[in-house]
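For the numbers below, each heavy atom of this structure counts, side chains included, while hydrogens, waters and symmetry mates do not.
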Amino acid sequence: MNEYIFNELKSACIYFETSKELKYAADLLNKHIFMNDNKEEPLSYLNDIIKPSLTDERKKPLIMFHLYGWTYGGAERFLTTTANYLIDKYDIIISIFEVSHDQVKNKSFELDPRIKFVKIHKDENRIERLLDWVRLMEPDVFIGNNNSIPEFSPIYKELKNRKIRSIASCLESFFFMHNHPELYGYAINKSKMLAYADAVVFPTSFSSNAYGCLNENAARIPAANTYTGQKKKEKYAKTLLSVGRFDDSIKRVDKILIVFEKLLKYHPDANLILAGPYDLNLKPNLSCEHTVGELIQKLKIPDSKITFAGLHSDVTGFYEKSDIFIMASNNEGWGLVLTEAACFGLPILAFNFPGVEDIITDCENGFIVEKNDLELMAQKISSLMDDTEKLKLMGLSSQKLAERFTVKNVGQKWDELIEIILRNDNAETINQELKANFRNEISDISHFNGLLAKEYEMLASKIATQSKIEHL
């Protein structure tokens, strides 16, 4: 949007008085920013959000979050808990690209009614229109998500040029792109673009330190639990639980099924619950020969032993009825379901990925098993089912660990980070505070360097393999 049109739009939003002028301002907003087929929505934004913010003296700092969509995943949980915690101190606007507003209204993702929710429709020039929206509202801090989407990250350079402070919230692992061939070529440019943000937040020590090797604006804030501590049950039913999007190849439902088949040899009375979206007709991973349904038949797992629970906005009941939690993902930005399971006193088990050590202390509140050692994973689960006292103690350790990730503890860190950015204009000063208060020191530099080298070796191997395929 050129400056003449932008200034006309801003003036129209501030100075309208008659109903005709109101309609004109709303039409301008809709044409240049929202592109909504429902003309009533821009009118409501103008009356409820835009004019009050532009004409009233700002009593609290304005924080604007942006997210691409709104479903029932980890990003939405992060944003809901964080925004709800901060709303007493800040005015908050959440902007998203097109989605049904009804999806915001459910028990696990319910936003405080004081939080404003705005949708920018259609794909055409949406990043440019988002930038115009940010320019119009002039938030004190912009917090962006979905930073691995190539079209998005240049926004931080534009915001810096316009002197709007920003935080890039990276819920995914620093090496997320290494698991997505279409993003291989974007990794270097992403880090260059993120350097323009005032702070770049990762949830794990590994990811924040890996990114910190490249840029000084790195910070770590873990994800908050959406559940409070629960009373641990005293009776156990040998129920193994996993929660996730099992129609996503990164969750490796095939590994869970193979581990469970091996577990049944030790404990034929064990049961498995898979809570989350699934598709029995999909191959769980590119390396798999069989669909999920075919794999179950091949492994000869009785239907009565597996419960495919499907998508639920509230999975409390599944945590309550289960004894042990397993996650088989190749990689995770955080692993929110692990800390959720810990709240319910479940020992938590996962295959090793960088960052999991922030959540699982091996042999204390769960087990970390090397990738692809499916037999060892089955044996670890079996050892807990053999020893209910050990299972109980490990579950209590899980609950103690979960206390570190309460909404209050995590929310306070976000508040502290925002305050640092609001009170400092100098990037060097901000980076010094980030290093002192938001970066865990690397306790074992050799181990850290080994993980880094392994990740880059895997990426090089994938790129080489892909290149061979493309040249056949």
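One finds a salt bridge joining Arg220 and Asp358 here, because a Lys/Arg side-chain nitrogen approaches an Asp/Glu carboxylate oxygen to under 4.0 Å. Ionic pairing of Asp198 and Arg165 is not present here: no N-O contact between side-chain nitrogen and carboxylate oxygen is shorter than 4.0 angstrom. For Asp254 and Arg252, the salt-bridge test passes: some basic side-chain N is under 4.0 Å from an acidic carboxylate O. Taking a cutoff of 4.0 Å between a charged side-chain nitrogen and a carboxylate oxygen, Asp248 and Arg245 qualify as a salt bridge. Using a 4.0 Å cut-off between a side-chain N of Lys or Arg and a carboxylate O of Asp or Glu, Lys190 and Glu172 qualify as a salt bridge.
A donor-acceptor pair shorter than 3.5 Å cannot be found between the side chains of Gln412 and Glu416. With no hydrogens or angles considered, no side-chain donor-acceptor pair links Ser148 and Tyr186 at under 3.5 Å. For the residue pair Asn145/Ser169, the side-chain donor-acceptor check at 3.5 Å is satisfied. Residues Ser383 and Asp386 have side chains that never bring a donor and an acceptor to within less than 3.5 angstrom of each other. Side chains of Tyr85 and Asp415: no donor on one and acceptor on the other come within 3.5 Å.
Using the six-membered ring where Trp is involved, Phe344 and Tyr227 have ring planes that are perpendicular, over 60° apart on the 30 and 60° scheme. Taking the six-membered ring for Trp and thresholds of 30 and 60 degrees, His66 and Phe152 have nearly parallel ring planes, at less than 30 degrees apart.
Judged by a 6.0 Å distance limit and a 45° cone about the ring axis, Lys413 is positioned over the six-membered ring of Phe438. For the pair Lys380 and Phe367, the cation sits on the ring face: its NZ or CZ lies under 6.0 Å from the ring centre, inside 45° of the axis. Under the 6.0 Å distance and 45° angle rule, Arg126 counts as a cation-pi partner of Phe97.
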Please test Glu433 against Arg423 for salt bridge (Lys or Arg N to Asp or Glu O under 4.0 Å), starting from the C-alpha separation and ending with a verdict.
CA-CA 12 Å; Glu433 293 209 41; Arg423 70 171 178 259; 2.9 Å; yes
Given Lys89 and Glu419, is the salt bridge (Lys or Arg N to Asp or Glu O under 4.0 Å) satisfied, shown in steps?
CA-CA 11 Å; Lys89 186 173 180 180; Glu419 284 293 335; 3.0 Å; yes
I would like to know whether Glu332 and Lys251 meet salt bridge (Lys or Arg N to Asp or Glu O under 4.0 Å); could you show each step before the answer?
CA-CA 9 Å; Glu332 289 284 346; Lys251 301 301 180 181; 2.5 Å; yes
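Paired with Trp334 under the rule ring pair (Phe, Tyr, Trp, His ring centres under 6.0 Å), one option of Phe206, Phe405, Phe176 passes, and it is Phe405.
Ser398 OG to Asn365 CG: the interatomic distance, rounded to the nearest 0.5 Å, is 4.5 Å. We find the CD1-CG distance between Ile420 and Leu434 to be 6.0 Å, quoted to the nearest 0.5 Å.
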